[in-house]
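Data block below; observations after.
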Amino acid sequence: MNSAGMLAEAFGRVREVVHAAAEGLPPDDLNARLDEEANSIAWLIWHLTRIQDDHIADAAGTEQVWLTEGWADRFDLPFDETATGYGHSGDEVAAVRVDSAAPLLGYYDAVHERTLDFVAGLNGHALDRIVDETWSPPVTLGVRLISVVAEDLQHAGQAAFVRGVLERA
């Protein structure tokens with residue numbers, strides 16, 4: 001398996017967990033928070049998708065799906081349209097609400113397809129390209145993509161955990 005195939009497999013596994021965490025849930029469960037500081041399934045999936053969209057667009061030199069395909073308008077959130085959820089307060093987490101899983105999964109799937117298109121053209125040498133010089137050592141594309149996969153899996157797992165707690169309650 002080459003590096004592009006490995007990355008596609010990793011992002012595919014994220015997609016499986018995201019869909020399993022959200023599909024079929026009513027809005028009350030998607031928006032539920034286990035306590036006033038906890039993240040909802042809606043926020044977790046929105047946030048992991050925003051981070052992936054932001055980082056893939058930056059690495060590919062393209063615009064974010066969130067902005068170019070009208071997702072920012074569809075979600076109509078009460079903060080700057082470039083917000084990704086990083087550093088959100090409890091009140092900001094609570095503001096990410098959906099009426100169904102459709103917008104979450106629609107946005108996620110659009111970003112997933114963009115991600116697969118991007119990684120399909122990568123080879124091992126492309127992964128050595130520096131994409132962020134503000135860190136020491138500078139961040140390569142390979143490290144950035146692994147970071148996105150790791151964060152996505154963490155948040156998707158958290159969403160799956162919340163779903164499990166809600167289903168047992």
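Residue pairs satisfying the side chain to side chain donor-acceptor pair (under 3.5 Å) criterion with at least one member in residues 28-43, sequence neighbours excluded, are listed as follows: Trp43-His88.
Val143 is not listed as a side-chain neighbour of Leu127, based on a closest heavy-atom distance of 4.5 Å or more. At a threshold of 4.5 Å between non-hydrogen side-chain atoms, the residues Leu48 and Glu151 do not count as touching. Side-chain contact between Arg50 and Asp53 is present, with heavy atoms from C-beta onward closer than 4.5 Å. Here the side chains of Asp109 and Arg15 are in contact, with some heavy-atom distance below 4.5 Å. In this structure the side chain of Thr140 never reaches within 4.5 angstrom of the side chain of Arg129, judged on heavy atoms. By the 4.5 Å heavy-atom criterion applied to side chains, Ile130 and Val139 are not counted as neighbours. Side-chain atoms of Leu141 and Phe118, non-hydrogen and from C-beta on, do get closer than 4.5 Å to each other.
A distance of 4.5 Å separates OG1 of Thr115 from CD1 of Ile56, quoted to the nearest 0.5 Å. With values rounded to the nearest 0.5 angstrom, Asp132 atom CG is found 7.5 Å from Trp135 atom CH2. In this structure, CZ on Phe11 lies 12.5 Å from CD on Glu113, to the nearest 0.5 angstrom.
A pairwise comparison of heavy atoms in Ser3 and Asn123 identifies OG-C, 3.5 Å as the closest pair. Residues Ala4 and Ala120 approach most closely at CB-O, 3.9 Å, considering heavy atoms. The nearest pair of heavy atoms linking Leu44 to Ala159 is CD1-N, 3.6 Å. Annotation for Leu25 and Leu30: closest pair O-CD1, 3.7 Å, computed over non-hydrogen atoms. In plain terms, the two heavy atoms of Pro27 and Val98 that are nearest each other are CB-O, 3.8 Å. Between Ala22 and Ile45, the shortest heavy-atom distance links the atoms CB-CD1, 3.6 Å.
Tracing side-chain contacts under 4.5 Å through hydrophobic residues (I, L, V, M, F, W, Y), one reaches Val148 starting from Ile146; they form part of the same cluster. Both Leu105 and Val111 belong to a single network of hydrophobic side chains, linked directly or stepwise wherever heavy atoms of I, L, V, M, F, W or Y lie under 4.5 Å apart.
Under 3.5 Å, the side chains of Asp80 and Thr82 contain a donor-acceptor pair of N or O atoms. Residues Gln52 and Thr49 have side chains that never bring a donor and an acceptor to within less than 3.5 angstrom of each other.
Residue Glu23 qualifies as enclosed at atom CD: its count of foreign heavy atoms under 6.0 Å is above 12. More than 12 heavy atoms of other shown residues, nucleotides or ligands fall within 6.0 angstrom of atom CZ in Arg74. A 6.0 Å sphere centred on CG of Asp99 holds no more than 12 heavy atoms belonging to other residues, nucleotides or ligands. Crowding of Phe79 atom CZ: a count of heavy atoms from other residues, nucleotides or ligands under 6.0 Å exceeding 12.
A tilted orientation is assigned to the rings of Tyr107 and Trp71, their planes being inclined by 30° to 60°.
Checked for salt-bridge contact, Arg114 and Asp117 miss the test: no charged N lies under 4.0 Å from a carboxylate O.
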For Leu166 and Leu34, run side chain to side chain contact (heavy atoms under 4.5 Å, CB included): C-alpha distance rounded to whole Å, both residues' side-chain angles, the deciding distance at 0.1 Å, then the answer.
CA-CA 9 Å; Leu166 294 171; Leu34 300 181; 4.1 Å; yes
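Ring centers of Phe75 and Trp66: under 6.0 Å apart, within the cut-off.
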